[in-house]
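Here the structure comes first, spelled out in structure tokens, and everything after it is commentary.
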Amino acid sequence: MEKLIDEFRKGWQGVAAPSLALSLGFAVACLLVATVARWGLAHVRPDVYFTPYFPAVFFAAAFGGLRIGIITALIGGVLGVVVNFSDALADRSRFTLLTLYWGVSALTIWGVEHYRGMLAEQRRISKRLIEEEEYRKLLVDELQHRLKNKLSTAHAVLHQVLHDQPQVWARIDPRLRSLAATDDLISRIDKGGCDIRDLLIAELGPYGHVRFTLNGDRLFLPPKLAVTLSLMFHELATNAGKYGAFSAPRGLLQVSWTVSGDRLTVTWDETEGPSIDKVSEPGFGTKLLKSALSAFDGKSEVSYLKTGLHCIMQCRIPQNG
């Protein structure tokens, strides 16, 4: 009995096609209920022959599919002609109503089947997206694992090479550890989010804590926004290390953020860096900065000032991740 109920539930929800026997049994039940309803209506309107069978056709087609819907419509039409709950005999008008009944039933079955097809396609796409998302997570986890291993290997090799140069190693070792801590943070925020200050410290720490200042209240970022901002901060920090404030001995960075309602504004301001005489063609990093926040109803504006790069990032803080 439990197996039958489970099969009925899956068939009704469209998860799996029900067996032919169950589909036929359900169609018979629908016809029986429709006939009983017709008998009750006959006490008020004896000339109602086919109307009660429309719901039977609809439910039978929705549950069992095209063939069951057609069979139900045909049997319902025969019952409407053969079975009488009054003294009236089948005449030309009843056969005219039969033709109309079958025409409307055909449209009903077509509509139900079209909807079933759309639902099946939607389920197929959803299943594929879920599988692709699971594969993406597996791939990202594997890449993070390999990156961590490579960083550990580089750490061990450098330590071996610089074992007789402790002063150089003392400068490199904390930076490598900061990079490893950043990778660990990124893997964690994808699941639970993090505080914006912790995120910035993890990204900027490898460049030296005396090179940047952070201004803003504690703010917890939901996972998706945290990952997006981490990518943007990483891109900005990398550019600062190559061409901006972190590439100059006296270069400094100030990052500040404010929240108004559900809107977040982050300001990235570099000073004392090398002058920017010519801006190259937009690459992947620039496109990332300009488009990453669009999913959060946001935008970013990048300006290349004489004092250094200036970037304003604005977005909505989602309430559910």
Side-chain angles (χ1 to χ4, degrees), residues 140 144 174-273 276 285-321:
V140 169
Q144 288 177 342
R175 297 175 185 270
L176 289 176
R177 293 183 184 277
S178 296
L179 288 173
T182 301
D183 293 336
D184 291 338
L185 177 65
I186 295 300
S187 64
R188 292 198 305 271
I189 66 176
D190 192 27
K191 300 179 178 65
C194 72
D195 188 273
I196 188 172
R197 183 178 293 271
D198 296 335
L199 179 61
L200 283 165
I201 291 175
E203 288 290 349
L204 302 176
Y207 299 96
H209 289 265
V210 298
R211 305 294 299 273
F212 63 90
T213 57
L214 305 178
N215 298 313
D217 297 330
R218 285 285 179 179
L219 174 64
F220 183 81
L221 300 173
K224 292 182 180 179
L225 180 58
V227 171
T228 300
L229 288 177
S230 71
L231 294 174
M232 299 179 71
F233 292 156
H234 180 77
E235 182 63 30
L236 288 168
T238 301
N239 288 339
K242 291 180 178 179
Y243 320 109
F246 292 156
S247 67
R250 299 176 57 189
L252 297 173
L253 166 67
Q254 178 173 301
V255 183
S256 59
W257 61 91
T258 57
V259 178
S260 177
D262 65 343
R263 303 291 300 182
L264 169 65
T265 301
V266 181
T267 303
W268 180 286
D269 194 19
E270 298 180 24
T271 56
E272 299 296 333
I276 303 175
T286 303
K287 294 178 181 178
L288 171 68
L289 292 175
K290 291 186 175 181
S291 63
L293 293 176
S294 59
F296 303 95
D297 190 24
K299 62 179 181 178
S300 61
E301 299 177 358
V302 180
S303 303
Y304 298 95
L305 308 178
K306 291 184 178 180
T307 55
L309 185 142
H310 183 78
C311 180
I312 298 178
M313 294 160 272
Q314 297 177 324
C315 67
R316 176 181 55 83
I317 303 175
Q319 299 299 319
N320 54 357

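- Between atom CD1 of residue Ile196 and atom CG of residue Leu225 there is a gap of 8.0 Å, rounded to the nearest 0.5 Å.
- Residues Gln314 and Thr265 form a side-chain contact, since some pair of their non-hydrogen atoms from C-beta on lies under 4.5 Å apart.
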Please test Trp257 against Met313 for side-chain contact (heavy atoms from CB on, under 4.5 Å), starting from the C-alpha separation and ending with a verdict. CA-CA 9 Å; Trp257 61 91; Met313 294 160 272; over 6 Å; no
Decide side-chain contact (heavy atoms from CB on, under 4.5 Å) for Leu229 and Leu199; before the verdict, give the C-alpha distance in whole Å, the side-chain angles of both, and the deciding distance to 0.1 Å. CA-CA 9 Å; Leu229 288 177; Leu199 179 61; 4.3 Å; yes
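- Between the CG atom of Asp262 and the CZ atom of Phe296 there is a distance of 12.5 Å, given to the nearest 0.5 Å.
- Contact check for Val266 versus Phe233: side-chain heavy atoms found under the 4.5 Å cut-off.
- Within the 3.5 Å criterion, the main-chain N or O of Ala245 finds a donor-acceptor partner in the side chain of Glu270.
- To the nearest 0.5 angstrom, Met232 atom CE is 12.0 Å from Glu203 atom CD.
- Contact of the Val259 side chain with the Ile317 side chain is registered, since non-hydrogen atoms from C-beta on lie closer than 4.5 Å.
- Using a 4.5 Å heavy-atom threshold, the side chains of Trp268 and Val302 count as separate.
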Residues Thr271, Gln254; criterion side-chain contact (heavy atoms from CB on, under 4.5 Å); working and verdict: CA-CA 8 Å; Thr271 56; Gln254 178 173 301; over 6 Å; no
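- In this structure, Leu309 and Tyr243 have side chains that are not in contact, with every pair of non-hydrogen atoms separated by 4.5 Å or more.
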